[in-house]
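Remarks on the structure that follows.
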Amino acid sequence: MKDDRRKRMEALVTRQGSAAMEELRDAFGVSMNTVRSDVAYLVRTGAVEKIYGGVRAVQRQEVPLFTQRARLRAEEKRRIARYAQERIEDGDTLYIDAGTTTMHLIDFLDPGKHVTIVTGNLYVVHQAYDRPNVELIVLPGSMNRRTNSVSDVSTLEFLGRYQFAKAFMGASGVSPSGKLNVSTYIEYELKKLAVAQSRQTWLLLDGGKFGESSLMSYASLEDMTEVVTGSRCPEEIRECCGRRGVRLTILEESGRERT
């Protein structure tokens, strides 16, 4: 109930642009102490920022449309997905995150393997139709054209019912310190939950995602079982993975692997 209220509070502030503390108290029928606690949480996660007498929405850099991002470094993304699908075993229950790299897992999945896929990634949903050995569980929510996926408060509640053998994750960017960044609060919550409920987790990331920072980070490189990326991976990330004992696989354009 508390999490749901905080998500609705963040949605109200985003919709209006700002809100006074008293306005939030009256809108949600809670005490001022509860409002202060909720606001403090939302400020910590980067969902809103504090102003005198209230809060306002954080202005975020717009994420390019899915169709634009899908065309960028397309061959590199497919190489990463082809490599990652080899980690999928018969009988696995998988979470496939939204993203223009993770979506290609379904293209290379061995048709002889019986797997269960839980996802809100609409490309995966579409491609799974002709794969009879894939049991598909589609997350509920509103369609987001920027990510070609579904997500809202109901998505988080539904996702919480499942445990996964493996999760294949994306990120908006990776900061030099190894934080995995997202651009919206609902992405932060969904990705964090998916990682927490998976026994093993792969980060699939094209080389253009490094060096990007954000107010919200759902995990760090050391939370991943393996990080799979392309040859543009910067030296600082390679060193970061080495220091922290993170398995890093870099796929060269020739198809060769470096670990």
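Keep in mind the model is a prediction, meaning the values are calculated, not measured.
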CZ (R199) with more than 12 external heavy atoms under 6.0 Å:
no
Are side-chain N/O atoms of Y95 and N121 paired as donor and acceptor at under 3.5 Å?
no
Over 60° means perpendicular and under 30° means parallel, so classify the ring planes of Y188 and Y185, tilted if in between.
parallel
If the threshold is 4.0 Å, N to carboxylate O, is there a salt bridge linking E252 and R79?
no
Closer than 4.0 angstrom, basic N to acidic O: yes or no for E226 and R87?
yes
Run the side-chain contact (heavy atoms from CB on, under 4.5 Å) check on L180 and L203 step by step: do they pass?
CA-CA 9 Å; L180 311 183; L203 178 67; 3.7 Å; yes
Can you tell me if E157 and S154 form a side-chain donor-acceptor pair at under 3.5 Å?
no
On the 0 to 90° scale, with breaks at 30° and 60°, tag the W202-F168 ring pair as parallel, tilted or perpendicular.
parallel
Rounded distance [0.5 Å steps], CD in E49 versus CG in L42:
12.5 Å
Spell out, as yes or no, whether a donor-acceptor pair under 3.5 Å connects the side chain of S149 to the backbone of A98.
no
Quiz item: cation-pi between R6 and Y41, 6.0 Å / 45°:
yes
Does the R56 side chain pair with the main chain of I51, one donor and one acceptor, at a distance under 3.5 Å?
no
In Å and rounded to the nearest 0.5 Å, what is the CD to CD1 distance from E135 to I117?
10.5 Å
Basic-acidic side-chain contact under 4.0 Å: K166, D92:
yes
Side-chain donor/acceptor of S37 to backbone N/O of N33, under 3.5 Å:
no
For the pair R247 (side chain) and V228 (backbone), establish whether a donor and an acceptor sit closer than 3.5 Å, ignoring hydrogens and angles.
no
Side-chain donor-acceptor pair present, T34, S31, cut-off under 3.5 Å:
yes
Side chain R131, main chain L109, donor-acceptor under 3.5 Å:
yes
Taking A219's backbone N and O only, do any of them form a donor-acceptor pair with S217's side chain (distance below 3.5 Å, no angle check)?
no
For the side chain of T229 and the backbone of C233, is there at least one donor-acceptor N/O pair under 3.5 Å apart?
no
